[in-house]
Amino acid sequence: MSDPSWRVLYTSRARRDLRRLDRQVARRVILALDGLAANDPRSDLRKLSGTDEYRLRVGEWRVRLDRDPSSHQITVLRVLPRGRAYDR
């Protein structure tokens with residue numbers, strides 16, 4: 001039996017980020033998150049160094065998220081362009 005799917009939740013900031021995106025880009029981001037939730041091995045997910053957060057790459061966009069393996073829950077924190085996605 002395979003791992004159960006993950007549940008995806010969005011913070012209010014992440015929802016606002018998605019609403020501001022072009023409709024096609026927002027659709028690609030949501031599809032990438034759906035793939036991640038379904039354990040798609042093609043997802044470009046990396047743990048950010050020095051933090052408990054992860055980033056999902058979707059073209060020029062970065063989705064910052066938290067993963068809770070015990071509850072199989074993904075919390076989307078932000079959806080930002082590559083240049084603004086990381087603290088400097």
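Numbering starts at 1 and runs along the sequence shown. Values below: every heavy atom of this structure, side chains too, minus hydrogens, waters and symmetry copies. Values in this document were obtained by computation on a predicted structure and should not be read as measured data.
Annotation for Ala38 and Ser5: closest pair CA-OG, 4.2 Å, computed over non-hydrogen atoms. Closest non-hydrogen pair, Ala32 versus Ser43, comes out as O-OG, 4.4 Å. Shown here for Arg67 and Trp6, the closest heavy-atom pair between the two residues is NH2-CZ2, 3.2 Å.
Interatomic distance, Arg64 CZ to Thr11 OG1, rounded to the nearest 0.5 Å: 11.0 Å. The CG atom of Leu45 sits 11.5 Å away from atom CG of Asp40, with the distance rounded to the nearest 0.5 Å. Remark: Leu80 CG to Trp61 CH2 distance equals 7.5 Å, nearest 0.5 Å.
Within the structure, every pair that satisfies the salt bridge (charged side-chain N to carboxylate O under 4.0 Å, His left out) test and touches residues 11-24, not counting sequence neighbours, is listed here: Asp17-Arg78.
Remark: Arg28 pairs with Val58 by the side chain to side chain contact (heavy atoms under 4.5 Å, CB included) rule, at least two apart or across chains.
At a threshold of 4.5 Å between non-hydrogen side-chain atoms, the residues Val79 and Arg62 do not count as touching. Within the 4.5 Å cutoff, side-chain heavy atoms of Leu56 are placed close to those of Leu65.
Judged by distance alone, with hydrogens and angles left aside, the side-chain atoms of Thr75 form no donor-acceptor pair with the main-chain N or O of Tyr10 at under 3.5 Å.
Cluster membership for Val25 and Leu77, using ILVMFWY side-chain heavy atoms within less than 4.5 angstrom, is not shared.
Residue Val76 forms a side chain to side chain contact (heavy atoms under 4.5 Å, CB included) with just one option from Leu33, Val29, Leu9, and that option is Leu33.
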### Message
Set out, in order, the CA-CA distance, both residues' side-chain angles and the distance that settles salt bridge (charged side-chain N to carboxylate O under 4.0 Å, His left out) for Asp44 and Arg55, then state yes or no.
### Response
CA-CA 8 Å; Asp44 188 356; Arg55 73 96 177 115; 3.3 Å; yes

### Task
Apply side chain to side chain contact (heavy atoms under 4.5 Å, CB included) to the pair Ile74 and Arg7, showing each step before the final yes or no.
CA-CA 6 Å; Ile74 296 169; Arg7 196 168 123 208; over 6 Å; no

